[in-house]
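A short worksheet on the structure shown next.
Remember, predicted model here, so these are calculated numbers, not experimental data.
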Amino acid sequence: MMSVQPMMQQATRHARRVYVGGLPPFTNEQAVAAFFSHVMAAIGGNSAGAGDSVVNVYINHEKKFAFVEMRTVEEASNAMALDGIIFEGVAVRVRRPTDYNPSVAAALGPSQPSPNLNLSAVGLVAGAIGGTEGPDRIFVGGLPYYFTEEQIKELLQAFGPLRAFDLVRDKDTGNSKGYGFCFYQDPAVTDIACASLNGLKMGDKTLTVRRATVSVQSKTEQENILAQAQQRIAIQKIAMEAGGLNIRGVESALTKLNENATKVLCLTEAITADQLQDDEEYGEILEDMRDECCKFGTLINVVIPRPKDGIDEASPGVGKVFLEYADTGASLAARNALNGRKFGGNVVSAFYYSEEKYYSMEYDDV
């Protein structure tokens, strides 16, 4: 006869699993299990006591989703509160799997997350609609560990009053983990702040500042964002100088958007020379880049230089991706969304490229 424990595990499995969608392409089962076990402990969601709450992970790499199996039904319900959490730089979706049976699950344990979860410990907002925190929530990563919470808030508030700010801290030490989340009282400030701060050097770190969930704006909106950001930079600099704010790297942050934006964006660390050897794989990469990067505006062309004769990895531009947009508003939106994103474990850098050199097919000026 089967033992009672395996029978119970099989009977409750549909209620102990959660679907996690929108995973970054190169993650693995161990990373997902470790992340969700850590996060569950951080929010106080481990109803079964000490130890890892995740007992098994299955990943469909092609469709970028996973089934994460928890120890108990209650812990799976608590995990539902994690919808929209940032995993490896990407906001993932947390849902019930298709085999979840609400009527049967009701007899097995709680079907809703505990109201006592400390979601702010991981930058989420309790009671948010759909489990996510709304379109105006900003992810702020790459923060120097020595920055205090007040210094970070002072920098962010240069763009307007904050409605909320959560600096994510290590559970054991209480030290900053180098990232956090914020909302502005005025949602119109969201894109201006992201455009101004993303990719900037702050001390020994580079900031990644973007909406937790990337949204697509119209061409006019993108151009307005750039213009407003440049105006806000000038006002902000005067205000900060008058207030005597002294944070390393702030001056460069205030002047970054004064650089001349171009319609051409260059991505580095997104691909390797080995991936460009095979014609079929090269074609797939080209299509994937078009599909992903046209979300930010009218994409005119994608250029991915290949090694000459298929072997010369030192050919100009190999390993880089050049995106030509119809206007600077679109390239701004793309830069804001792509800079700092992880591909294959590498952090992508996105920066404006000389249009003159691009049109002359000079791809080595990086």
Worked check of side chain to side chain contact (heavy atoms under 4.5 Å, CB included) between F87 and T27 | CA-CA 10 Å; F87 171 62; T27 192; 3.3 Å; yes
CA sep, side-chain torsions, deciding dist, call: R95, V18, side chain to side chain contact (heavy atoms under 4.5 Å, CB included) = CA-CA 6 Å; R95 304 282 191 270; V18 295; over 6 Å; no
M70 and M40: side chain to side chain contact (heavy atoms under 4.5 Å, CB included), yes or no, with the steps?
-> CA-CA 10 Å; M70 316 300 288; M40 285 288 289; 3.8 Å; yes
For Y353 and Y358, what are the C-alpha separation, side-chain angles and deciding distance, and is it a ring pair (Phe, Tyr, Trp, His ring centres under 6.0 Å)?
-> CA-CA 7 Å; Y353 194 75; Y358 169 78; 7.3 Å; no
Go through the steps for K153 and T148 under the test side chain to side chain contact (heavy atoms under 4.5 Å, CB included), then give the verdict.
-> CA-CA 9 Å; K153 288 170 67 175; T148 66; over 6 Å; no
Decide side-chain hydrogen bond (donor to acceptor under 3.5 Å, both in side chains) for R71 and S37; before the verdict, give the C-alpha distance in whole Å, the side-chain angles of both, and the deciding distance to 0.1 Å.
-> CA-CA 10 Å; R71 291 180 297 185; S37 287; over 6 Å; no
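Separation of atoms OG (S114) and CG (L119) is listed at 9.5 Å; rounding is to 0.5 Å. For the atom pair Q151 CD and L156 CG, the distance stands at 12.0 Å (nearest 0.5 Å). Atom CG of residue D52 and atom CG of residue N46 lie 8.5 Å apart, to the nearest 0.5 angstrom. Interatomic distance, CG of N78 versus OG of S53, reported as 9.5 Å (0.5 Å rounding). From I285, atom CD1 reaches atom CG of L276 across 5.5 Å, with rounding to the nearest 0.5 Å. The structure places CD1 of I271 at 9.5 Å from NZ of K320, a figure rounded to the nearest 0.5 Å.
Hydrophobic clustering (ILVMFWY, side-chain heavy atoms < 4.5 Å, transitive): V348 and L265 are in one cluster. No continuous path of hydrophobic side-chain contacts links I59 to V55 [ILVMFWY only; heavy atoms under 4.5 Å]. In the hydrophobic clustering of this structure, L286 groups with L299; members are Ile, Leu, Val, Met, Phe, Trp, Tyr whose side-chain heavy atoms approach within less than 4.5 Å, directly or through other members. I300 and L323 fall into different hydrophobic clusters, defined by Ile, Leu, Val, Met, Phe, Trp and Tyr side-chain heavy atoms under 4.5 Å apart, directly or through other members. Each of V140 and Y145 belongs to its own hydrophobic cluster when Ile, Leu, Val, Met, Phe, Trp and Tyr are linked at side-chain heavy-atom distances under 4.5 angstrom.
Of the possible donor and acceptor atoms, none in the side chain of H61 sits under 3.5 Å from a partner among the backbone N and O of F26. When atom types are taken as modelled, the side chain of S354 and the backbone of K357 share a donor-acceptor pair closer than 3.5 angstrom. One N or O on the side chain of E75 and one on the backbone of A48 form a donor-acceptor pair closer than 3.5 Å.
Within the 4.5 Å cutoff, no side-chain heavy atoms of S176 are placed close to those of Y146. Using a 4.5 Å heavy-atom cutoff, the side chains of F139 and T208 are in contact. For the pair F67/P97, a side-chain contact is recorded, criterion being any heavy-atom separation below 4.5 Å from C-beta on. Side-chain contact between F36 and V20 is present, with at least one heavy-atom pair separated by less than 4.5 Å. You'll find the side chain of V54 stays beyond 4.5 Å of the side chain of E29, heavy atoms only. Side-chain contact between P305 and F322: present, with at least one pair of heavy atoms (C-beta onward) separated by less than 4.5 Å. Counting heavy atoms from C-beta outward, R210 and I138 have side chains that stay 4.5 Å or more apart.
The residues K263 and D327 are annotated as not salt-bridged, no charged nitrogen and carboxylate oxygen being separated by less than 4.0 angstrom. Checked for salt-bridge contact, R17 and E69 miss the test: no charged N lies under 4.0 Å from a carboxylate O. Ion pair D191/R211 flagged as a salt bridge, since at least one NZ, NE, NH1 or NH2 atom sits closer than 4.0 Å to an Asp/Glu carboxylate oxygen.
A perpendicular orientation is assigned to the rings of F65 and Y58, their planes being inclined by more than 60° (bins at 30° and 60°).
Remark: R137 qualifies as a cation-pi partner of F181 under the 6.0 Å distance and 45° angle criteria applied to the six-membered ring. For the pair R335 and Y352, the cation-pi test (distance below 6.0 Å, angle within 45°) is passed. A cation-pi contact links R306 to Y282, judged by a cut-off of 6.0 Å to the six-membered ring centre and 45° from its axis.
Around atom CD of E62, no more than 12 heavy atoms belonging to other residues, nucleotides or ligands sit under 6.0 Å away. Counting heavy-atom neighbours within 6.0 Å of E356 CD, excluding the residue itself, gives a total of 12 or less.
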